Structure formats: structure tokens, C-alpha cells
Amino acid sequence: MSSQPIKTPRPGRLLLVGLLTTVAAGAIVAGGLIDRARSNQDLATWTNAQAVPTVALAEFAHGDAAHSLVLPGNVQPYNKAAIYARVSGYLKSWQQDIGAHVTAGQVLATIDTPDLDQQVAQAKATLASAKASYDIAALTANRYDTLVKRQAISQQVADQSGADAAAKKAVMDANEANVRQLETMQAFKQIVAPFDGVVTQRNTDVGALINAGSTAGQELFEVSDLHRVRIYVQVPQAFSAAIHPDLKATFEMPQYPGEKFDATVITTSNAMNAMSRSLLVELQADNCGRQDSRQHLLPGRVPDSGRPEHGAHSGHGPDAGQ
């Protein structure tokens, strides 16, 4: 095996190779730094562009100023009376049941009042006794007046007789007033309708114990005047300024789907409800001619705002006008 001498590179060539390597590495590093700087600049530009808000412009056009407000309401009779007994006893009979059309003064029921009847009899007997005492006292006073003119008796005796007659007359008058009061109470044995309307409740039956008054007693009947109905609506404060008397509105009832009824604003409470921030508004609707027809407006609460088609409409749009 022959051995060849190893050639040693020249120092100049090694310096050249090292210089080329250094330049190449520097070019690579510089290129990376330039690319990174360019990326940072692009990111900053995109970030600034995204920070600017984008506004979509729309062309202005005049809209319809009319609007409709849909609210739940509460339908009430024009007049409603809860009827209690004025005298105690037992219900003897009732003449009118729920749904009956009654007129003012028509008898609804009759109460049997044995205690009151005995009081009347006793008061009349007391009155008769007082009247008899007065009659004899008045007769005696008249006789004494005649005798005193003839000087048969003294004036003192005549005066005492006249005073006794006057006192007995006062007692008679008091007993007579007591009899009239008890006879007036006897008139309440018959329960009558206070006005023309419909019997909407009957809470008693024959033989039931009746206690007088609204504290100890119970409501026997309820009569409602339905020739008109009142509709109460809570209007939000934001819409309260547009509500005024004679404002026209329409409303719907759940039993008549699709049917609209006319109503008119009558008055408002003129005060905001502190809890609901709303204004109580009263509307009225005519119910005459409907009581014997299919479209009969009945008292009660219309559904809540979850079903606006059953609410009361008010405002200045198709559902309401001025």
C-alpha cells in the first residue's frame, strides 16, 4: 500500500470559504428579520382596520305616524250590586235565579222573620197602651182647664195635668215611631232588585239561615246592569300622554274570535300606579241589543298580553282613531 502525502488547503482559500459562509448566514438572518417585520406591520394594519366601526347607512323615508297599542283589559258591568239581607230569619222562597232579567223593585226572594214579627206585635201593643194613657191625660187636662176658668180648682193643678198630658203624648209619639221603624224593617223581608239588570249570582236557598248585614251575613244575590259595560285597562306611562276622553278604540272577546267591538275612553285615574308605572283608563261600550243575541258582552277578565288579539286596542292606528 502506497502512501500519498495529504494536501493542506491554502490559507487564502479557507478565508474565502469562511467569508462566503458568513455572508450566506447573514443573508438568511436578514431575510428572516425583514419577513418578520413585514408580518408585524401587516398585523398592525389589519388590527387598526378592524378597530374602525362599520356603519350601515339607510335612506331616510317618512313612515306612517299611526300606531296601535294592544293591552289586556277587565270588562265590568255598568252597575253591579251585591245584595245582602237587612233582616235576620230564614229564606222562605226565592223567585229569580241566575241569568234572570229583572226590573227595579222586582222581588228576588222572601225572608221569614218570626223574631221581627213578634217585635212588631209588642211595639204595637205598647203603642196602644201609651195612646190610651195619653187620651185619658188629655181628657183630664181639658176638664181641668174648664174648672180653672170657673175657679173650682187652682191653676197649679191645671198646669200639672197639662204637663202630664204632654209627657204622655211624647211617650205615645216615641212608641209610634218605634212601630214605624219595625214596619219599615218588615218591608225588607222581601229582597228586591235595585235596578234593571241580570241576576249574576244566587248564593242562598230555601230554609237557609239569614243574618242581617254584610258583616255577619253573606251575599244573597248579585245583580248587574249590562246595558253598557265598563272596560278598565292599564296603559303604560310611555303611552299615557296620547290617552284622552272620547278616544275611540276597539276590543275583542275570546268567545267571539275575529269579532271587533267599539269602545270609547270615558275617563282616566289621572294618576300613575307607582308599582306598574301605568295609567288606569276606563272605556265604555254599548251592550244594548246584544243581550238576546249571539254577541253579548259578558263581564270578566280578557286574556293577558300573551294573547294580544283578545286585548283592548287603543291608539291612532287602524284599531283606534280620534
Side-chain angles (χ1 to χ4, degrees), residues 79 81-98 100 102-197 199 201-223:
N79 289 314
I83 302 176
Y84 294 84
R86 287 293 308 276
V87 294
S88 299
Y90 297 91
L91 191 73
K92 183 178 181 179
S93 62
W94 53 265
Q95 283 72 39
Q96 304 297 331
D97 204 352
I98 58 173
V102 295
T103 57
Q106 185 173 350
V107 176
L108 303 179
T110 302
I111 301 174
D112 187 14
T113 58
D115 295 341
L116 179 60
D117 295 341
Q118 290 299 318
Q119 292 176 11
V120 172
Q122 181 180 357
K124 287 181 177 180
T126 304
L127 174 61
S129 176
K131 187 176 185 302
S133 299
Y134 166 69
D135 289 342
I136 190 63
L139 181 61
T140 301
N142 291 334
R143 288 174 179 173
Y144 281 4
D145 287 342
T146 302
L147 292 174
V148 78
K149 291 177 182 178
R150 298 177 182 178
Q151 297 183 351
I153 60 174
S154 64
Q155 185 65 45
Q156 178 68 25
V157 174
D159 292 342
Q160 288 178 350
S161 178
D164 181 62
K168 289 182 178 178
K169 184 180 186 304
V171 173
M172 182 190 69
D173 291 342
N175 282 278
E176 188 176 3
N178 186 40
V179 170
R180 287 197 301 268
Q181 179 187 7
L182 293 174
E183 287 177 343
T184 301
M185 295 300 294
Q186 276 189 318
F188 290 108
K189 294 168 63 174
Q190 289 187 329
I191 301 175
V192 299
F195 44 75
D196 296 352
V199 178
Q201 287 190 35
R202 177 179 64 83
N203 301 316
T204 187
D205 213 335
V206 175
L209 176 65
I210 305 298
N211 293 315
S214 59
T215 302
Q218 67 171 357
E219 178 184 336
L220 303 181
F221 291 89
E222 182 181 87
V223 177

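Numbers for residues simply follow the sequence, beginning at 1. These numbers were taken from a predicted model, which means no experiment stands behind them.
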Mind checking the [atom1]-[atom2] spacing from [X] to [Y]? Nearest 0.5 Å is all I need.
X: Trp94; Y: Phe221; atom1: CH2; atom2: CZ; value: 8.0 Å
X: Met185; Y: Leu116; atom1: CE; atom2: CG; value: 6.5 Å
X: Ile111; Y: Phe188; atom1: CD1; atom2: CZ; value: 10.5 Å
X: Lys189; Y: Thr110; atom1: NZ; atom2: OG1; value: 9.0 Å
X: Ile210; Y: Thr204; atom1: CD1; atom2: OG1; value: 4.0 Å
X: Leu182; Y: Gln118; atom1: CG; atom2: CD; value: 12.0 Å

Minimum heavy-atom separation for [X] to [Y], with atom names?
X: Val87; Y: Thr113; value: CG2-CG2, 3.7 Å
X: Lys92; Y: Val206; value: O-CG1, 3.6 Å
X: Ala193; Y: Val102; value: CB-CG2, 3.7 Å

Next item on the list: Return yes when atom CG of Leu209 has more than 12 non-hydrogen atoms of other residues, nucleotides or ligands closer than 6.0 Å, and no otherwise.
Entry: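 Result for CG/Leu209: enclosed.
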Task: Gln122 CD: over 12 foreign heavy atoms closer than 6.0 Å - done: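 Open.
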Quick one: does [X]'s side chain have a donor or acceptor within less than 3.5 Å of a partner on [Y]'s backbone?
X: Gln218; Y: Asn203; result: yes
X: Asp196; Y: Ala104; result: yes
X: Ser129; Y: Ala125; result: no

**Message:** Could you tell me if the side chain of Leu220 sits less than 4.5 Å from the side chain of Arg202, heavy atoms only?
**Reply:**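 They are not in contact (no side-chain heavy atoms under 4.5 Å apart), so the answer is no.
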- request: Using a 4.5 Å cut-off on heavy atoms from C-beta on, say whether the side chain of Ile83 contacts that of Glu222.
  value: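 They are not in contact (no side-chain heavy atoms under 4.5 Å apart), so the answer is no.
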Identify each donor-acceptor pair in which a side-chain atom of residues 137-148 lies under 3.5 Å from a protein atom, sequence neighbours left out, and give them as a table.
| unit_1 | atom_1 | unit_2 | atom_2 | d |
| --- | --- | --- | --- | --- |
| Thr140 | OG1 | Ile136 | O | 2.8 |
| Asn142 | ND2 | Ala138 | O | 3.2 |
| Thr146 | OG1 | Asn142 | O | 3.2 |

Original post:
Do Gln119 and Asp115 have side-chain N/O donor and acceptor atoms under 3.5 Å apart?
Top reply: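 On atom types as modelled, these side chains do not qualify, holding no pair under 3.5 Å.
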Walk me through whether Asp117 and Gln186 qualify under side chain to side chain donor-acceptor pair (under 3.5 Å). CA-CA 8 Å; Asp117 295 341; Gln186 276 189 318; 3.0 Å; yes
Enumerate donor-acceptor pairs with a distance under 3.5 Å from any side-chain N or O in residues 165-180 to protein atoms, sequence neighbours excluded.
| unit_1 | atom_1 | unit_2 | atom_2 | d |
| --- | --- | --- | --- | --- |
| Lys168 | NZ | Asp164 | OD2 | 3.4 |
| Lys169 | NZ | Asp173 | OD2 | 3.1 |
| Asn175 | ND2 | Val171 | O | 2.7 |

